[in-house]
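Submitted below is the structure of interest, expressed as structure tokens.
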Amino acid sequence: MKKFLKIVGILLLILFLFISAFYFINNEKLPEGKKGKEADALAIKMLNALNHEAYENTEVLEWSFRNTNHYKWLKNENIVYVNWDDKKVVLHTKSPEKSTVFVNGKQTDDKLLIEKATGFFNNDSFWLVAPHKIFDPGTERRIVKHKDKDALLVTYTSGGSTPGDSYLWILDENYLPTSFKMWISIIPIGGVSATWSNWINTKAGIKISSTHELSLFGMELPLGNIKAYNYNADILAKKILKAINHEAYKNTRYLEWSFGGRRNYKWDKEKHVVDVSWDTIRVNLQTKNIEKSKVFLNEKLQEISDSTTIRKAINLFNNDSFWLVGPHKLYDNGTIRSVQKVNNKDALLIKYTTGGSTPGDSYLWILDSNYVPTSYKMYVPSMKMNGVSSTWQDWKKTESGTLLPTNHSFGKDRILSMGEVKGYN
């Protein structure tokens, strides 16, 4: 017996020495950093890289954590559906007393499961959206040098399940996180790192890291099939398209209009060809094969088509056609849709991340009771427009059956006429 106890004692001593050595080798002291404008500026660059604005407007997030806990988060409603094993909790994050619990499909009053679901959500959602929480109430930001590059140290002085935790965000050259180091209460070793990798672009427009790997024993934390989308915004967009008969627009072959009496257009949508005319110039613009475009001066074909004139025609068409068919472009590639309240009514914000002449522009569509646009607010950084308003009025039902506006007004009652608008096949 004594021999056995001696062996057990030696094994425990070896284990203790191993743990001690592992701790002293791997434990890192929390770095000191500098608070202030530089740290906040770095944090803002990080948020811009993630498209934090889209995150603020995101309605629904779905994911799983290590394929055991499953979530559907109605972010704007502060409700989360949490599922694990045979448990389901409809968690009201702002009013836990309203939460409901189900076990094997039957409702129960087990309050402990509400607490457990809250703990799961606080932890598992952090691994999904932590980069978007760096300005949460109770956070402190410091700039730290890490391998001769700026890194962002964020400390949570309150909130969540473990206030006092700190995270050092390591960023790439585009300010997108690649990993963070943690000093948190549930891990006794300071400086354990986790990757933030396999970034995906979601329908809501935000970037989300789908895979994490801990430096501690190489543990992986997959987040499953991640989704982020704006359900209500899509419903509102479809109502607008129905109101302006978008189906007829899709089937319309020819559109004709002018822009303020200065430029004239005839657009063959089917062949992707548009005649753009101004002054004594006409450009036969091949929108899918720009190199095949032709330039006419006083209706005389130019042997060598001037590239500057063609580029001008492209820019004019992109701008002037938007004033005619903008509401029909709500589902173009690269669009992000979200709902905003204007005078207590739903308005639709569309952001164009690609396409056109100035990607990054946003338009907030104001609607009448039938969901036909009456105006929009323009957010166009390249033109320093920040909420400039313009009407969309005098809608006309064309021969092809779609609705198109014939006039706009903005500023001091300035009218922008679309001329004699035509749509036909």
Would you please test Phe180 and Trp127 for ring-ring contact (aromatic ring centres under 6.0 Å, His included) and show each step?
CA-CA 11 Å; Phe180 64 19; Trp127 286 100; 5.6 Å; yes
Side chain proximity check, Ile366 to Leu364, heavy atoms < 4.5 angstrom
yes
List the steps, then state whether side chain to side chain contact (heavy atoms under 4.5 Å, CB included) holds for Leu404 with Met418.
CA-CA 10 Å; Leu404 296 171; Met418 298 288 98; over 6 Å; no
Pair Val274-Lys266, side chain to side chain contact (heavy atoms under 4.5 Å, CB included): steps then yes or no
CA-CA 6 Å; Val274 56; Lys266 182 175 180 180; over 6 Å; no
With a cut-off of 6.0 Å (strictly less than), are more than 12 heavy atoms of other residues, nucleotides or ligands near NZ of Lys207?
no
For Ser400 and Thr398: C-alpha separation, side-chain torsions, deciding distance, then whether side chain to side chain donor-acceptor pair (under 3.5 Å) applies.
CA-CA 5 Å; Ser400 64; Thr398 66; 2.9 Å; yes
NZ of Lys87: more than 12 outside heavy atoms within 6.0 angstrom?
yes
Full working for side chain to side chain contact (heavy atoms under 4.5 Å, CB included) between Lys227 and Lys203:
CA-CA 8 Å; Lys227 298 178 181 179; Lys203 286 185 177 180; over 6 Å; no
Looking at Tyr55, does the NZ or CZ of Lys133 lie under 6.0 angstrom from its six-membered ring centre and within 45 degrees of the ring axis?
no
If the threshold is 4.0 Å, N to carboxylate O, is there a salt bridge linking Lys422 and Glu399?
no
Between Tyr71 and Asp124, do the side chains contain an N or O donor and an N or O acceptor separated by less than 3.5 Å?
yes
I'd like to check Thr68 versus Trp84 (side-chain heavy atoms, cut-off strictly below 4.5 Å). Are they in contact?
no
With a 4.5 Å limit on heavy-atom distance, are the side chains of Leu50 and Leu176 in contact?
yes
Flag if over 12 foreign heavy atoms under 6.0 Å of CZ, Phe102:
yes
Does any non-hydrogen side-chain atom of Thr139 lie less than 4.5 Å from one of Ile134?
no
Phe259 and Trp278 aromatic centres sub-6.0 Å
no
Minimum side-chain heavy-atom gap Trp169-Trp196 below 4.5 Å
yes
Apply side chain to side chain contact (heavy atoms under 4.5 Å, CB included) to the pair His272 and Trp267, showing each step before the final yes or no.
CA-CA 7 Å; His272 308 290; Trp267 180 11; 5.8 Å; no
Can Arg142 and Glu140 be counted as an ion pair, charged N to O under 4.0 angstrom?
yes
Give a yes or no on whether Glu32 atom CD has more than 12 heavy-atom contacts from other residues, nucleotides or ligands under 6.0 Å away.
no
Looking at Ile79, Val82, Leu61, which hits side chain to side chain contact (heavy atoms under 4.5 Å, CB included) with Trp73?
Leu61
Can a donor-acceptor pair be found between the side chains of Asn51 and Glu53 at a distance below 3.5 Å?
no
I would like to know whether Glu247 and Asn245 meet side chain to side chain donor-acceptor pair (under 3.5 Å); could you show each step before the answer?
CA-CA 5 Å; Glu247 283 300 314; Asn245 203 350; over 6 Å; no
Does the ring center of Phe126 lie less than 6.0 Å from the ring center of Phe65?
no
With a 6.0 Å cut-off (strictly less than), is the heavy-atom count around OH of Tyr81, excluding the residue itself, greater than 12?
no
Assess the side chains of Arg337 and Thr335: does a donor N or O sit below 3.5 Å from an acceptor N or O?
yes
For a quick check under 3.5 Å, do Glu270 and Tyr254 share a side-chain donor-acceptor pair by atom type?
no
With heavy-atom distances below 4.5 Å as the criterion, would you say the side chains of His408 and Ile415 are in contact?
no
Assess Lys269 against Tyr249: is NZ or CZ under 6.0 Å from the centre of the six-membered ring, and within 45 degrees of the ring's axis?
yes
With heavy-atom distances below 4.5 Å as the criterion, would you say the side chains of Met378 and Asp361 are in contact?
no
Assess, by modelled atom type and distance only, whether the side chains of Ser409 and Thr391 contain a donor and an acceptor separated by less than 3.5 Å.
yes
Inspect the contact between Lys181 and Glu28 and indicate whether a charged nitrogen and a carboxylate oxygen are less than 4.0 angstrom apart.
yes
Going by heavy atoms in the side chains, are Ser417 and Thr406 under 4.5 Å from each other?
no
So, Lys37 and Asp40, do they make that salt bridge, N to O below 4.0 Å?
no
If only side-chain N and O atoms count, and only distance matters, is there a donor-acceptor pair under 3.5 Å linking Asn264 with Ser277?
no
